[in-house]
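A short write-up of the structure that comes next.
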Amino acid sequence: MEERYNFKAIEKKWQEIWDDEKVYKVEIDKNKEKFYALVEFPYPSGAGLHVGHPRSYTALDVIARKKRMQGFNVLYPMGFDAFGLPAENYAIKTGVHPAVSTKANIENFTRQLKSIGFSFDWDRCINTCDPEYYKWTQWMFIKFFEKGLAYKDKIAINWCPSCKVGLANEEVVNGHCERCGAEVVRKDKEQWMIAITKYADRLIKDLDDLDFIDRVKSQQINWIGRSEGAELDFEFGDDKLTVFTTRPDTAFGVTYMVLAPEHEFVQKYMDKFENQSEIRAYVEETAKKSDLQRTMSDEKTGVELKGVKAKNPYNGQMIPVFISDYVLTGYGTGAIMAVPAHDQRDYDFAKVFNLPIIQVLDGGDISEKAWEEDGKHINSGFLDGLNKDEAMHQAIDYAVKHGFGRAKVNFKLRDWVFSRQRYWGEPIPMVYCEKCGWQPIPESELPLTLPEVPDYHPNDEGESPLSKAGDWLNTTCPKCGGKARRETDTMPNWAGSSWYFLRYCDPHNDKEFASKEALDYWMNVDWYNGGMEHTTLHLLYSRFWHKFLYDCGYVPMPEPYKKRTSHGMILAENGEKMSKSRGNVINPDDIIDAYGADAFRLYEMFMGPFDQTAMWSDESLMGVYRFVGKVFGLFKKVYKNAKPSDKDLRAMHKCILEVSERIEQMRFNTAVSSLMTYVNYLSSLEKIAPELYEILLKLMSPFTPHLAEEMWARLGHNTFIVAETWPKGDAKLAEENTVTMAVQICGKMRGTVELPKDASREMAEKAALNLENVKKQLEGKEIKKVIVVPNKIVNIVAA
RNA sequence: GCGGGUGUGGCGGAAUUGGUAGACGCGUCAGACUUAGGAUCUGAUUUCGCAAGGAGUGGGGGUUCAAGUCCCUUCACCCGCACCA
């Protein structure tokens, strides 16, 4: 009876040995070049690991393992982003403390991750809900406060009237509460904000030097939304109404102005308006609308502020002013100058309200729609004859000279709403004193740990469950010693993840978040892989956070990540998203149980291009499972005294070159196919020379570490394969000494010729013309030209 | 609307600088070993055709001796953002 590969026993055996001997533990070693590989740490949900997680983890595990064999000192850590809503919801439902369920989930995740054989340094495992960790998150918040970047402001938040709780944007799904499905409304609430907008420009500019995939860069740039233009002041009664525009050159085409219904002038000058009740009704109506309703309606609505006109500073014309919900309060100044001839939104509005449309740029047919392209200016006074760019400059210069405007850059990016009315998050380390206002707690009191609360529901005013924390709430003011009350909101779950990669460098330090020595050695992250869904959230937040720490002098470089790549999603077999409700979730435990960790890892690498969406397929998984067995089976054909032929060596070197290159380029699917091709070749041999098999094991070890380790030991080695050196391919030895050249007539394939490598043009041409088929095809035709591409092709042009 | 991406066999997908389209895997078919096998091994497998030969990389056009690859145009789908002035 032939031995079959007992993956269960063998994988378990090696996992225990790696764990016991701490094979993947790393320390600072200044004699070695470091390599920091990072993957996004998971939220430890009750559902356990998703098959999507290992796609990213395996990819960087492959890279980390290869880098180790190439002599790098590799840091490849793992941890848990453990604060979050699901644990709290679970607590509300069952009464189980989030700390308890989270701990159990972390244990389950750890077991699962270990069962896949990742080469994480588990001694560096971190957990954001551990007070020893969040102490530093709180410490950093205080730094933000001290530098004036954390501030409290009353803003409109997403409010779920049914759950009585404020929701983060990401907790609102299509205008509805993610948890109960009720429609979300807007509610003004005091919130901690962090001034990420102060870094908007740098967050764009510094992308230039980073090796991020393009879609990440462009998505971040798009999200930050930089627009250059001007601020212009229009006379409005005795006051000035300031607008932001990207097209000051079209100022002569302004026929009216629009304010956001929330604009301060609406209330401030209410008594001057003739149609107050109409205005009030519109403002109220808008306030009641959700963002969703507000953006859904195609029809432009609004109300004129009758009785007041504004004056266009360029031509002195008096123009009407409206309020309309198509103007947003949060962007620019919350007011616009409307140029219906050259802006489609203004055009639509003007059509509804029968407002004049004055063309100031030549081109298009403005009886149809607005003309938004370039052209020569007309009806524009001193701008006539100029194109867009020139007119823009002149218009701004003119405004500056006459004191009613200035160049201005605006961003779509808003400051970061940092408060959550939640229990299961980092307490915000601030207290409120009647006399001294908001004060940070002294550093000596960190960490400020979460108190016990009677239940996890928010109260009727939508305050965090911490508002029920009794004694915990009352404290003294660190400044005056008087009575003070603690902040009851907690931080968003993006807080802990904004700096976790720094903590990995020095995870047990209780004096500072990480030592300078550790940061100097390990940072930056050399390669960070994660999901596209984090591009405008975690990835942007953490870049900002890191820049802030850099400005404070706490980290040695302005950007945290040198290189960012992103994996595609894994969908169910039918192309749908995997979800509990659809019942199509694949549990990694089941796969590992049935096929083993190595087959699972290999399959995730083989299933398709790494950066693209892939569909799960049990049948395809069978293929790599068979392949693992095949590699195991090859062992019995390895003979100590067998010597490799030149042909064998060619196959080997070709495989080394291809696998090495393709791993580096994250073309894992083709790296695996190179391995398969090599294995197919080895299978065809009677006897396999040991070195051919050893190389195979080394090349496979990043993908299938258990199998490689086992066979490496069976070959008689007593070292770990990870301590071996990565093989070097020799391009010369990989070359064939004969080549098959294609023979074409007028670009059509007519045959092939076998020739020694680098055969002369004449030789190739002669051999090609000698082919029977070629002779036949050429009968009665005249050869016009013969093109020979050495080692590739002979193309005979004939007519 | 704006930004990014993808279209290649029955399926997942390969194809350095333009140079033998379909590597590798799945599936299917045939055969071998088997009491049997969804196990293993061998072979075949883009399509039409007995063959010679033809067609073929979403569609149309172009450049070239030669196009999946370059240019123009068009269609379909996916992912972000979305009344951002």
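Predicted model, so just to flag it, every value in this text is computed and none were measured. Proteins get letters first, then strands, A, B, ... in listed order; numbering begins at 1 in each.
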Worksheet item: Considering only rG4(B), rC83(B), rA85(B), which nucleotide approaches the side chain of Arg215(A) most closely?
Response: rG4(B)
Inspect the contact between [Y] and [X] and indicate whether a charged nitrogen and a carboxylate oxygen are less than 4.0 angstrom apart.
X         : Y         : result
Glu576(A) : Arg582(A) : yes
Asp249(A) : Arg247(A) : yes
Arg564(A) : Glu40(A)  : yes
Lys784(A) : Glu782(A) : no

Worksheet item: Are the aromatic rings of Trp616(A) and Tyr603(A) close, with centres under 6.0 Å apart?
Response: yes
Worksheet entry | Tyr314(A) ring center near Phe404(A) ring center (under 6.0 Å) | yes
Worksheet item: Cation over ring, Lys300(A) on Phe349(A), under 6.0 Å and within 45°?
Response: no
Whole angstroms only, please: what is the [atom1]-[atom2] distance between [X] and [N]?
X         : N       : atom1 : atom2 : value
Met615(A) : rC11(B) : CE    : C1'   : 9 Å
Phe610(A) : rG13(B) : CZ    : P     : 15 Å
Ile796(A) : rC65(B) : CD1   : P     : 16 Å
Ile745(A) : rA66(B) : CD1   : C1'   : 14 Å
Leu413(A) : rC81(B) : CG    : P     : 14 Å
Leu571(A) : rG12(B) : CG    : P     : 13 Å
Tyr595(A) : rA39(B) : OH    : C1'   : 13 Å
Glu576(A) : rC78(B) : CD    : C1'   : 15 Å

Discussion item. Is there a side-chain contact between Lys577(A) and Leu571(A) in this structure, where contact means two heavy atoms from C-beta onward sitting under 4.5 Å apart?
Written reply: yes
How far does the [atom1] atom of [N] sit from the matching atom of [M], given to the nearest Å?
N       : M       : atom1 : value
rU74(B) : rA21(B) : C1'   : 24 Å
rC29(B) : rC77(B) : P     : 35 Å
rG3(B)  : rA82(B) : C1'   : 11 Å
rU17(B) : rG13(B) : C1'   : 24 Å
rG62(B) : rU69(B) : P     : 14 Å
rA67(B) : rG22(B) : P     : 16 Å
rA32(B) : rG10(B) : C1'   : 26 Å
rG1(B)  : rC48(B) : P     : 41 Å

Watson-Crick or G-U wobble mate for [N], both contacts under 3.5 Å:
N       : result
rG31(B) : rC41(B)
rC2(B)  : rG80(B)
rA55(B) : rU46(B)
rU64(B) : none

Worksheet entry | Syn or anti for rG9(B) (syn when the glycosidic angle lies within 90° of 0) | syn
Worksheet, complete the sentence: The residue, Lys577(A) or Asp214(A), whose nearest nucleotide of RNA chain B is more 5′ is Asp214(A)
Item to complete: Let me know, please, whether Lys785(A) or Gln777(A) comes out on the 5' side of the other along RNA chain B by nearest nucleotide.
Response: Gln777(A)
When we call it a touch if two heavy atoms are under 4.0 Å apart, what does [X] touch: a base, just sugar-phosphate, or nothing?
X         : result
Lys748(A) : sugar-phosphate
Asp611(A) : nothing
Val327(A) : base

Fill in: Side-chain-base donor-acceptor pair under 3.5 Å for Lys412(A) and rC81(B)
no
Worksheet item: Parallel, tilted or perpendicular: which describes the rings of His263(A) and Phe265(A), with under 30° parallel and over 60° perpendicular?
Response: perpendicular
Set out, line by line, the N/O atom pairs under 3.5 Å between protein and nucleotides 15-25 of chain B.
| residue | atom | partner | partner atom | Å |
| --- | --- | --- | --- | --- |
| rA15(B) | OP1 | Arg667(A) | NH2 | 2.5 |
| rU16(B) | O4 | Lys792(A) | NZ | 3.1 |
| rU17(B) | O4 | Lys792(A) | NZ | 2.5 |
| rU20(B) | O4 | Thr740(A) | O | 3.1 |
| rG25(B) | OP1 | Asn680(A) | ND2 | 3.1 |

Worksheet entry | side-chain N/O Asn773(A) vs rG53(B) OP1/OP2, d < 4.0 Å | yes
